[in-house]
Number of protein chains: 2
Amino acid sequence: MTSWRALVTSGIGSVANDPQQMRPAEVRRLIRSGGLSVPTSGFSAGYMQGNLAILPESLAGDFMRYCFRNPKSCPVLAIGEPGDPALPSLGDIDIRTDIARYRIFHNGVADGEVTDLNAVWRDDLVTFVLGCSFSFESALIRAGITVPHIAAEQNAPMYVTNIQTRPAGPFGGPLVVSMRAFSPADAIQAIVLSERYPLAHGAPVHIGDPARIGIADIHTPDFGDKPLIGEDQVPVFWACGVTPQMAIGVAKPDLAITHKPGFMLVTDMLSENADADLPRQGGK
Amino acid sequence: MTSWRALVTSGIGSVANDPQQMRPAEVRRLIRSGGLSVPTSGFSAGYMQGNLAILPESLAGDFMRYCFRNPKSCPVLAIGEPGDPALPSLGDIDIRTDIARYRIFHNGVADGEVTDLNAVWRDDLVTFVLGCSFSFESALIRAGITVPHIAAEQNAPMYVTNIQTRPAGPFGGPLVVSMRAFSPADAIQAIVLSERYPLAHGAPVHIGDPARIGIADIHTPDFGDKPLIGEDQVPVFWACGVTPQMAIGVAKPDLAITHKPGFMLVTDMLSENADADLPRQGGK
């Protein structure tokens, strides 16, 4: 994965500002105009970024229940009106243009990648934005904890587990987790800090032995980059926003749209407010 | 260790009430009158219990700084006035009589055990009450997590580590930890819940490999009962209130008094309030 630092330095000289300092609206404006097409990790520090799932209205109720039943992997930040590409609670957003890379799914199979949704948008599409791990990762970094894949400017390794999500309607399937390795003391602090960000996947779901959750070989992730695990480090596993893409594969809707992993929606929602202002999800 | 259940059922028939439901003042009244001399685990559910350290005024300043520098092992609940056995902030307490078993240290060596302090009390003695793990253990149990040594009606296993406390004046020495083993998922929740009780030792200091903190054989604790570790469980280690007894051994004051482990001071302070009302400690 090419890092934003390299791209900002070389390819997109028009971005004069430090990406971390850019306002979310500025990032979205650049993406909308085609002037920025890099992964959004590191952009607009302090603001929530989101995973995207767009589904036909006929399945939106089932998907909403699926998210509600699986709040660690699918923490809902916003739900759009049917056919409406705006998401006013997250900023001045047109979801058809404000993400740099989209994946198109037909009947549960990802068979296309586009840079805007103008050609595929329909009046019955409902947009879901789900929290992502960037918020808690920022909190770890502020606390002085090294997040291995960020230090290496890579993607987190992600794994399909043997933990089944709670199904709703046609949606179901396995939980996907992301892994970060820490010293035991840092792992404890990472658990404590991430729990404060329920909209960014919250506390981890597993620590230690990968086989326990059905990961046969930790060095071969299903998505993302190879793991970086130092001697004396323990692997810690968080519910991952790729989980709903598996659920789309199970539900096989005629059309579904997600972001391409790494190319997130940059929202106006402050990471710190996200913990305090929004209700925690849970229940059955 | 004889359980309070057995003792309440057999030896002390005058205690008609469920020990968990007894008011702290009632427990202290029974102890004061010699009518109750069992470990206090399980008594007065929902109220803070405390570790005791009594030191000459000449060392009280150093010990206070020692506690401040080591807040996880020595979370201060109250400090008495020199020579005054009362602790009004914790209830109607006479510290000379309201604990069932005391240990007497001369020059850092525990050389006596008494049931009251009337014969040894001095006008220069300063009382420190330090938080203990019962509060967070109650929170774990309320959350449906089995705490192995409590389920077995035993003491937690405790270990002297190779982690050095931050010294202050003559006080110093190794950190003592207590161990509880959980499934990985319960360990994560135990970390999250215990962190909410900074006056009950807060989040753990270590998880996983015991050798990493200098514990050669986890099956041979330095204090308490043998550990109970199920298959697929991970050991989690918390800072322990026995640590100040090690520091007394290092400082060698002419006189020091502690409780006998397990025989705690039952206070009027609600466990839930302890988190919210009192300042967190920290710093250097």
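Just so we're on the same page: letters track the sequence lines, and every chain starts at 1.
- With a 4.5 Å cut-off on side-chain heavy atoms, A:Pro170 and A:Asp62 count as touching.
- Looking only at heavy-atom pairs under 4.5 Å with chain B, the residue among A:Ile213, A:Val236, A:Val192 that has the most is A:Val192.
- No other option in B:Ala185, B:Ala203, B:Pro204 has as many heavy-atom pairs under 4.5 Å with chain A as B:Pro204.
- B:Thr161 contributes a side-chain N or O that, together with a main-chain N or O of B:Ile163, makes up a donor-acceptor pair within less than 3.5 Å.
- Between the side chain of A:Gln49 and the main chain of A:Thr40, a donor-acceptor pair closer than 3.5 Å is present.
- No part of A:Val234 comes within reach of chain B, as not one of its non-hydrogen atoms sits under 4.5 angstrom from that chain.
- When each of A:Pro184, A:Ser194, A:Ala187 is checked for heavy-atom pairs under 4.5 Å with chain B, A:Pro184 comes out on top.
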For A:Gln233 and A:Ser183: C-alpha separation, side-chain torsions, deciding distance, then whether side chain to side chain donor-acceptor pair (under 3.5 Å) applies.
CA-CA 4 Å; A:Gln233 287 190 324; A:Ser183 73; over 6 Å; no
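- Interface remark: of the candidates B:Asp232, B:Asp209, B:Ile191, B:Asp232 forms the most heavy-atom pairs closer than 4.5 Å to chain A.
- Remark: side-chain polar atoms of B:Lys226 are not paired, donor with acceptor, to backbone N or O of B:Thr220 under 3.5 angstrom.
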